[in-house]
Amino acid sequence: MRKAGVIIGVLAVVLAVLGYVVYDRLSGAAAGGPGGGRGTGGRGEPAAAPVQVAAVERGDIELRRVFSGSLESPAEFIVSSKVAGRIEKLTVNVADMVQRGQVVAELDDDEYVQAEAQAAAELAVAKANLVEASSSVEIAERELTRIRTLRERGVASESQLDVAEAGHLAKRSAVAVAEAQVTRAQAALAAAQIRLSYTRVVATWTAGDDRRIVGERFAIEGDTVAANAPLLSIVELDPVNAIVYVTEKDYGHLRVGQQATLTTDAYPGRSFQGVIARIAPVFRQASRQARVEIEAANPDHELKPGLFVRAEVVLGRAQDATIIPGTALTRRRDTDGVFVVNQAGNTVTWRPVEIGIRQGDRVQVTGQGITGRVVTLGQQLVDDGAKITIPPAAGTSSPGTPPPATMPAPTQSRPE
C-alpha cells in the first residue's frame with residue numbers, strides 16, 4: 001500500500017509539470033507566435049493586441065429613471081351612519097357612480113318617527129301652557145289696575161295693593177317659564193327631526209369632483225349597524241395619484257411639474273402621462289427614501305387604486321453630446337478614460353474623460369480628442385500608444401484575404 005501511494009504521488013507531480021509546460025507554450029504562441037515570448041512578436045517587438053471597437057456618436061441623450069410604486073386615490077370618503085339602526089336599503093353597489101348629496105342607504109326609521117311625534121306633542125303642550133300663562137298675566141294686570149284705583153280712592157288697603165302686585169309679577173314669571181319651555185320643546189323637535197333625517201344616509205363631500213365611485217361596501221341590507229359605523233367607501237378616480245419612493249441619489253433631480261410616463265401590467269403596451277405634483281420634504285429613516293406623488297389624468301377611470309405601476313421620469317437631458325458605449329469605459333491610475341483608435345486603425349491613445357448621463361449602454365463623456373472609434377473589448381491588453389489589430393466583423397473578411405474556395409458539386413454516375 002505504501003509503495004502504491006508513492007507511485008501515485010510521483011505521477012501527480014509529473015502530470016503537473018507537463019501541464020505547466022503545455023500552458024506556457026500555448027501562452028507564448030498566443031502572445032507572440034512561435035519563438036517569441038509572451039506579448040512580443042517574433043522579432044522581440046510588442047505584438048498587436050486584438051480588440052473590438054465602436055464608433056463615437058454625437059447626439060442627444062437623456063437621464064431616465066424608472067420608479068416602482070402603486071396607485072392611490074387622491075380622495076377617499078367613508079360613508080357612515082350617524083345613528084344606529086337596521087339597514088333597510090342600500091341604493092349603490094361596488095363600482096357604481098355616486099353624485100354628491102345622493103342618498104346611498106336607508107335605515108329603519110320607526111323609532112325616530114315616533115320620537116319626532118312625541119317631540120311635536122311636547123311642543124304643543126308647551127305652547128298651550130304659554131297661552132294660559134299669557135292669559136293669566138292679562139287678568140293679573142287688570143286686577144292690579146283695579147286695586148290701584150281703589151287704593152287711590154282710599155277703599156283698598158296697602159296690603160291688598162302689595163298682593164295684587166305680587167300676583168302680577170308671578171304671572172309674568174310664569175309666562176317667561178312657559179316661553180322657555182316652548183323654546184326647549186322646539187329644540188327637542190328639531191333634534192328629533194335631525195335624527196330622523198339621519199336614517200337616510202347621504203354621501204356628502206366638500207372638495208373635488210361632484211361624481212365619485214363606490215370602491216368598497218362594508219355592510220349589506222339587513223345588518224344592524226351602530227352609530228358612525230362605516231357603510232361604503234367612495235373614491236375619486238380622476239385624477240389618480242401614483243406613489244413612488246426615491247433615494248437620495250435621484251431626489252435632487254426631481255422637481256414639481258416634471259413629466260412622467262406611467263405603465264402597468266394591467267394594460268400591456270400602453271402608457272399614461274402624469275406630472276409630479278408633490279415631493280415629500282423628509283425621508284423615511286428606515287428606508288432613506290422620500291415619497292413622491294405623480295398625478296395622472298384618468299377620465300375613463302381605467303387606472304384603479306392599488307394597481308402596481310412603473311413611473312419613468314426624465315431627470316436630465318444633454319444635446320449634441322459625445323456618446324460612447326458603456327463598455328468602452330476603463331479605469332487607469334484612478335482615472336476614467338477610453339482608448340481612442342487612430343485614423344489608420346493600428347494604434348490607440350489613452351484619453352481621460354468625465355462621465356455624464358448614462359442611458360442604457362450609452363454614456364455621455366466629455367474630454368479632449370474623443371472622436372472616431374474607441375476600444376470596447378480588449379482594453380486590458382493595451383496601453384497608451386499600443387499597437388492593435390481589429391478583427392473583421394462576423395460575415396466579412398479582412399483585406400487581402402481571398403474568399404473561401406467553393407467545392408464543385410459531386411457528379412452522380414448513371415447505371416449503364
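No hydrogens, no waters, no symmetry mates; every other heavy atom, side chains included, goes into these values.
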Any non-hydrogen side-chain atom of Q379 less than 4.5 Å from a side-chain atom of W350? no
A side-chain contact here means heavy atoms from C-beta on lying under 4.5 Å apart; do R362 and P325 qualify? no
pair V113-L196: side-chain heavy atoms closer than 4.5 Å: yes
Would you tell me whether Q364 and T322 have side-chain atoms, one donor and one acceptor, within less than 3.5 Å of each other? no
Short N-O contact, E106 and K89, less than 4.0 angstrom: no
Would you please test I324 and E57 for side-chain contact (heavy atoms from CB on, under 4.5 Å) and show each step? CA-CA 6 Å; I324 64 171; E57 302 177 22; over 6 Å; no
For the pair T183 (side chain) and E179 (backbone), establish whether a donor and an acceptor sit closer than 3.5 Å, ignoring hydrogens and angles. yes
What I'd like to find out is whether the side chain of N241 reaches to under 4.5 Å of the side chain of R278, using heavy atoms alone. yes
Between the side chains of N342 and T347, does any donor sit under 3.5 Å from an acceptor? yes
Would you call R200 and D109 a salt bridge, using N to O less than 4.0 angstrom? no
Not counting sequence neighbours, which residues clear side chain to side chain contact (heavy atoms under 4.5 Å, CB included) with Q114? List them please. none
With S134 via side chain to side chain contact (heavy atoms under 4.5 Å, CB included) - residues at least two apart: L130, V175
Charged N-O contact under 4.0 Å between R195 and E116: no
Any donor-acceptor N or O pair under 3.5 Å, side chains R255, Q258: no
Measure centre to centre between the rings of Y198 and Y112, then say whether the value is under 6.0 Å. no
Taking 4.0 angstrom as the limit, do R317 and D60 come out as a salt bridge? no
Would you mind reporting whether V104 and L90 have side-chain heavy atoms less than 4.5 Å apart? no
Do NZ/NE/NH1/NH2 and the carboxylate oxygens of R291 and E72 come within less than 4.0 Å? yes
Report the C-alpha separation of S233 and V214 in whole Å, then their side-chain angles, then the decisive distance to 0.1 Å, and conclude whether the side-chain contact (heavy atoms from CB on, under 4.5 Å) test is met. CA-CA 6 Å; S233 169; V214 178; over 6 Å; no
SB check R86 E88 (cutoff 4.0 Å): yes
Under 4.0 Å between a Lys/Arg side-chain N and an Asp/Glu carboxylate O for D238 and R211? no
